[in-house]
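Computed from a prediction, not measured in an experiment: that's the story for all the values here. Sequence positions, counted from 1, serve as the residue numbers for this chain.
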Amino acid sequence: KYSLSSSTSPLCQDHEDQKLDLYCQQCSIPVCVKCILVSHKNHSIVVSKHAMDQREEINISLEGFPMAQQQLEEVITAGKDMKEKIKTRKNEVDATIRQAFSKLQ
C-alpha cells in the first residue's frame, strides 16, 4: 500500500502527498496521517521508526526459535524413548517378581 519516491521515502498510495511516517500495529502496515483519520481510527499507531525497531527486536528473538524447537523435539523424542525403556523394564521386573512369587507358593 505504499510506494517509494525518488528520495526513497515511502509514500502512501492512497494519499500520495503523505509520507508513511507511522505504523498501524493492529493492521501491521505503515500508514500516513490521513490514513489514521480515514481507515485506522481507534487503532494502535506508533511512529514508524519505533515500530521498525520493535520488529527488528522480534525478528532477532525469532532467529533462535528453529534451533530451540529442534532441541525441544529431540528432548521429547528422548523422553518418549526413555518412557518405553522404563515400561519394558517394569514389565520385565513384574514378570520376574511373579515368577519368584509363584515359586514360593
Side-chain angles (χ1 to χ4, degrees):
K1 181 175 170 162
Y2 61 92
S3 62
L4 296 179
S5 70
S6 58
S7 65
T8 67
S9 297
L11 296 176
C12 180
Q13 286 185 349
D14 294 336
H15 311 104
E16 297 179 35
D17 61 327
Q18 297 293 311
K19 290 183 180 179
L20 296 169
D21 294 328
L22 305 167
Y23 189 81
C24 177
Q25 290 183 318
Q26 184 172 334
C27 300
S28 299
I29 59 170
V31 293
C32 74
V33 174
K34 289 181 180 178
C35 284
I36 294 170
L37 299 174
V38 176
S39 54
H40 297 274
K41 289 181 183 176
N42 302 319
H43 289 193
S44 178
I45 305 294
V46 293
V47 175
S48 190
K49 171 77 171 115
H50 176 69
M52 294 307 147
D53 290 346
Q54 286 180 334
R55 186 179 197 111
E56 183 64 25
E57 287 179 29
I58 291 169
N59 286 339
I60 289 170
S61 297
L62 291 175
E63 287 176 0
F65 279 112
M67 184 170 41
Q69 182 180 5
Q70 180 183 357
Q71 290 172 341
L72 182 58
E73 289 172 358
E74 290 171 2
V75 168
I76 290 170
T77 299
K80 287 178 181 178
D81 290 345
M82 182 61 70
K83 179 182 174 182
E84 285 302 313
K85 288 178 183 177
I86 290 171
K87 185 177 178 180
T88 300
R89 183 66 182 136
K90 176 205 168 279
N91 291 339
E92 291 170 355
V93 170
D94 284 348
T96 302
I97 291 171
R98 284 191 188 97
Q99 286 176 348
F101 188 70
S102 69
K103 289 180 184 178
L104 294 174
Q105 291 180 347

Test salt bridge (charged side-chain N to carboxylate O under 4.0 Å, His left out) applied to [X] - qualifying residues, sequence neighbours left out:
X	answer
Glu73	none
Lys85	none
Asp81	none

> Within the distance-only criterion (no hydrogens, no angle test), does the side chain of Tyr23 pair as donor or acceptor with the backbone N or O of Ser28 below 3.5 angstrom?
Replying inline: yes
> Can you name the nearest heavy-atom pair linking Val31 to Leu20, along with the distance?
Replying inline: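 Heavy atoms only, the tightest pair is C-CD2, 3.4 Å.
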Is there a side-chain contact between [X] and [Y] in this structure, where contact means two heavy atoms from C-beta onward sitting under 4.5 Å apart?
X	Y	value
His40	Cys35	yes
Leu22	Val33	yes
Leu11	Lys19	yes
Gln25	Val46	yes

>> The criterion is side-chain contact (heavy atoms from CB on, under 4.5 Å); which residues satisfy it with Glu92, sequence neighbours excluded?
In response: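 Scan of Glu92 (side-chain contact (heavy atoms from CB on, under 4.5 Å), adjacent residues dropped) gives Thr88, Arg89.
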> For Leu62, which fellow cluster members are found when Ile, Leu, Val, Met, Phe, Trp and Tyr are connected by side-chain heavy-atom distances below 4.5 angstrom, either directly or through intermediates?
Replying inline: Ile58, Phe65
> What's in the same ILVMFWY side-chain cluster as Ile76, cut-off under 4.5 Å, chained through other members?
Replying inline: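 Joined to Ile76, directly or through intermediates: Leu72.
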> Say you draw a straight line from CG of Leu104 to OG of Ser102; how long is it, rounded to the nearest 0.5 Å?
Replying inline: 8.0 Å
